[in-house]
**Student:** 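This structure is in structure tokens; I'll ask about it shortly.
Numbering of residues begins at 1 and proceeds along the displayed sequence.
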Amino acid sequence: MRLNNKNKGNYFHFLSTVVFMTVFGGVVLFLLEKYKFQYLGSSIYLILIFPLLLLLLFFLRGRQIFEFDSDGEALNFKNRNVILFLDKALSDEFPKYKLKEYEVVDAFFFKRLYITVFSKKNSSVILKYDISYLTKKELSDLKTSLSKVIKANNDNKSEKLS
């Protein structure tokens, strides 16, 4: 199964532009109010706090673009930000039989996908992906696909033991 939200890239670019323009406008209004007009008094800090909270929320939600591919014998995960200079993209590919378990953490502002993978020497590695911008249907499809892979892995292990 393939899942991606690249088609929403333009929306995320627009959203990030609006957030940055709001922060810039808030800083400019704050400076003008503080040093020129002085109408608001102590409520001047609301002009600065609201845009900064909006920016913090945008970054707390994580990377916007998520791609998943479970076709074939490997699982492919890609997670990147629409603002290219902010951070590097995550990209992982591993065979399906190495998938041990997954967990979706749904906090108030963000969602994360934690994938536990068997590595060499029988240890485990936990991979983290931001999935805050996936729709409920996309998230449900992702969970279904990962559950199928885990179930197939468990069936193969039980066959090998018997």
**Student:** Determine whether Met21 and Val28 fall in the same hydrophobic cluster, where Ile, Leu, Val, Met, Phe, Trp and Tyr are linked whenever their side-chain heavy atoms lie under 4.5 Å apart.
**Tutor:**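 Met21 does not cluster with Val28.
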
**Student:** Please check if the side chain of Ser132 supplies one atom and the backbone of Phe110 the other of a donor-acceptor pair under 3.5 Å.
**Tutor:**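 No, Ser132 side chain to Phe110 backbone: no donor-acceptor pair under 3.5 Å.
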
**Student:** Would you compute the distance between atom CD1 of Ile115 and atom CG of Leu75 and round it to the nearest 0.5 angstrom?
**Tutor:**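 Here the rounded value is 8.0 Å.
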
**Student:** Could you pull out all residues at least two apart from Lys148 that satisfy side chain to side chain contact (heavy atoms under 4.5 Å, CB included)?
**Tutor:**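 Counting only residues at least two positions away or on another chain, Lys148 forms a side chain to side chain contact (heavy atoms under 4.5 Å, CB included) with Thr144.
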
**Student:** Write out all pairs satisfying side-chain hydrogen bond (donor to acceptor under 3.5 Å, both in side chains) with one or both partners inside residues 9-32, taking only residues at least two apart or from two chains.
**Tutor:**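 Those involving residues 9-32 do not exist here.
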
**Student:** Which value, rounded to the nearest 0.5 Å, describes the distance between Leu127 atom CG and Leu113 atom CG?
**Tutor:**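 Atom-to-atom, Leu127:CG and Leu113:CG are 9.0 Å apart.
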
**Student:** Rounded to the nearest 0.5 Å, how far apart are CZ of Phe20 and CZ of Phe58?
**Tutor:**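 Those atoms lie 7.0 Å apart.
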
**Student:** Tyr114: what forms a ring pair (Phe, Tyr, Trp, His ring centres under 6.0 Å) with it, not counting sequence neighbours?
**Tutor:**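 Ring pair (Phe, Tyr, Trp, His ring centres under 6.0 Å) list for Tyr114, sorted by chain: empty.
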
**Student:** Which class fits the ring pair Phe77 and Phe94: parallel under 30°, tilted 30 to 60°, perpendicular over 60°?
**Tutor:**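 Ring orientation of Phe77 relative to Phe94: parallel.
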
**Student:** If only atom types and distance count, is the side chain of Asn4 paired as donor or acceptor with the main-chain N or O of Ile65 below 3.5 Å?
**Tutor:**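 Not a single qualifying donor-acceptor pair exists.
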
**Student:** Under the side-chain contact (heavy atoms from CB on, under 4.5 Å) rule, what do Lys8 and Tyr133 come out as? Steps first, then yes or no, please.
**Tutor:** CA-CA 9 Å; Lys8 298 178 190 173; Tyr133 294 97; over 6 Å; no

**Student:** I'd like to check the salt bridge (charged side-chain N to carboxylate O under 4.0 Å, His left out) partners of Asp92; sequence neighbours left out, ordered by chain and number.
**Tutor:**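 Asp92 satisfies salt bridge (charged side-chain N to carboxylate O under 4.0 Å, His left out) with no other residue.
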
**Student:** May I ask you to establish whether Arg63 and Tyr129 are in a cation-pi arrangement, using a distance under 6.0 Å from NZ or CZ to the six-membered ring centre and at most 45° from the ring axis?
**Tutor:**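 No - Arg63 does not lie over the ring of Tyr129 by the 6.0 Å and 45° rule.
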
**Student:** Residues two or more places apart in sequence or in another chain: which of them pass side chain to side chain contact (heavy atoms under 4.5 Å, CB included) with Lys151?
**Tutor:**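 So Lys151 forms a side chain to side chain contact (heavy atoms under 4.5 Å, CB included) with Asp155.
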
**Student:** List, by chain and number, the other hydrophobic cluster members for Val18, where Ile, Leu, Val, Met, Phe, Trp and Tyr join if side-chain heavy atoms come within less than 4.5 Å, directly or indirectly.
**Tutor:**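 Other cluster members: Phe14.
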
**Student:** For Asp71, is there any backbone N or O sitting under 3.5 Å from a side-chain donor or acceptor partner on Asp69?
**Tutor:**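 Side chain of Asp69 to backbone of Asp71: a pair is present.
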
**Student:** Evaluate the side-chain proximity of Ile131 to Arg112: yes if any heavy-atom separation is below 4.5 Å, no if none is.
**Tutor:**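 Arg112 vs Ile131: side chains apart.
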
**Student:** Quick one: name the residues clustered hydrophobically with Phe118, using the 4.5 Å side-chain heavy-atom rule over I, L, V, M, F, W, Y, and just say none if it's on its own.
**Tutor:**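 Members alongside Phe118: none; it stands by itself.
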
**Student:** State the NZ-CD distance between Lys6 and Gln64, to the nearest 0.5 angstrom.
**Tutor:**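 Result: 15.0 Å between the selected atoms.
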
**Student:** In the single-linkage hydrophobic clustering (I, L, V, M, F, W, Y; side-chain heavy atoms under 4.5 Å), do Val23 and Leu60 co-cluster?
**Tutor:**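 Shared cluster, no.
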
**Student:** Run the side-chain contact (heavy atoms from CB on, under 4.5 Å) test on Val19 and Leu57 for me, step by step, so that the C-alpha distance in whole Å, both residues' side-chain angles and the decisive distance to 0.1 Å come before the verdict.
**Tutor:** CA-CA 10 Å; Val19 168; Leu57 177 65; over 6 Å; no

**Student:** Does the side-chain contact (heavy atoms from CB on, under 4.5 Å) test come out yes or no for Leu139 and Asp106, once each step is laid out?
**Tutor:** CA-CA 11 Å; Leu139 187 59; Asp106 189 2; 6.0 Å; no

**Student:** Can you tell me how far the CG atom of Leu32 sits from the CZ atom of Phe37, to the nearest 0.5 Å?
**Tutor:**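 It is 5.5 Å, given to the nearest 0.5 Å.
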
**Student:** Report, as yes or no, whether the 6.0 Å neighbourhood of atom CD1 on Ile49 holds more than 12 heavy atoms from other residues, nucleotides or ligands.
**Tutor:**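 Atom CD1 in Ile49 is crowded, with more than 12 foreign heavy atoms closer than 6.0 Å.
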
**Student:** List the atom pairs, with distances to 0.1 Å, where a side-chain N or O of residues 95-105 and a protein N or O form a donor-acceptor pair under 3.5 Å, not counting sequence neighbours.
**Tutor:**
| unit_1 | atom_1 | unit_2 | atom_2 | d |
| --- | --- | --- | --- | --- |
| Lys96 | NZ | Ser70 | O | 2.7 |
| Lys96 | NZ | Gly72 | O | 3.1 |
| Lys100 | NZ | Ser124 | OG | 3.4 |
| Tyr102 | OH | Lys143 | O | 3.3 |
| Tyr102 | OH | Ser147 | OG | 2.8 |

**Student:** Grouping I, L, V, M, F, W and Y whenever their side-chain heavy atoms are under 4.5 Å apart, do Leu53 and Leu48 come out in a common cluster?
**Tutor:**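 Both belong to a single hydrophobic cluster.
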
**Student:** Salt bridge (charged side-chain N to carboxylate O under 4.0 Å, His left out) with Arg80: which residues, sequence neighbours excluded?
**Tutor:**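 Salt bridge (charged side-chain N to carboxylate O under 4.0 Å, His left out) check on Arg80 returns nothing, list empty.
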
**Student:** Could you work out, with side chain to side chain contact (heavy atoms under 4.5 Å, CB included) as the rule, every residue matching Asn154, not counting sequence neighbours?
**Tutor:**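 So Asn154 forms a side chain to side chain contact (heavy atoms under 4.5 Å, CB included) with Ile150.
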
**Student:** Find out if a path of hydrophobic residues (ILVMFWY) with successive side-chain heavy-atom gaps under 4.5 Å connects Val27 to Leu54.
**Tutor:**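 Yes, Val27 connects to Leu54 through the hydrophobic network.
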
**Student:** Does any pair with a residue in residues 23-46 pass salt bridge (charged side-chain N to carboxylate O under 4.0 Å, His left out), and if so which ones, sequence neighbours excluded?
**Tutor:**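 Sorted result for residues 23-46: empty, none.
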
**Student:** The criterion is side chain to side chain contact (heavy atoms under 4.5 Å, CB included); which residues satisfy it with Leu3, sequence neighbours excluded?
**Tutor:**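 Checked Leu3 against side chain to side chain contact (heavy atoms under 4.5 Å, CB included); matches are Met1, Phe66, Phe68, Leu134, Glu138, Leu142.
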
**Student:** Using side-chain contact (heavy atoms from CB on, under 4.5 Å), reason through Val125 and Thr116 one step at a time and then give a plain yes or no.
**Tutor:** CA-CA 6 Å; Val125 175; Thr116 305; over 6 Å; no

**Student:** Could you measure the distance from the CZ atom of Phe50 to the CG atom of Leu55? Nearest 0.5 Å is fine.
**Tutor:**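 So the CZ of Phe50 and the CG of Leu55 are separated by 11.5 Å.
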
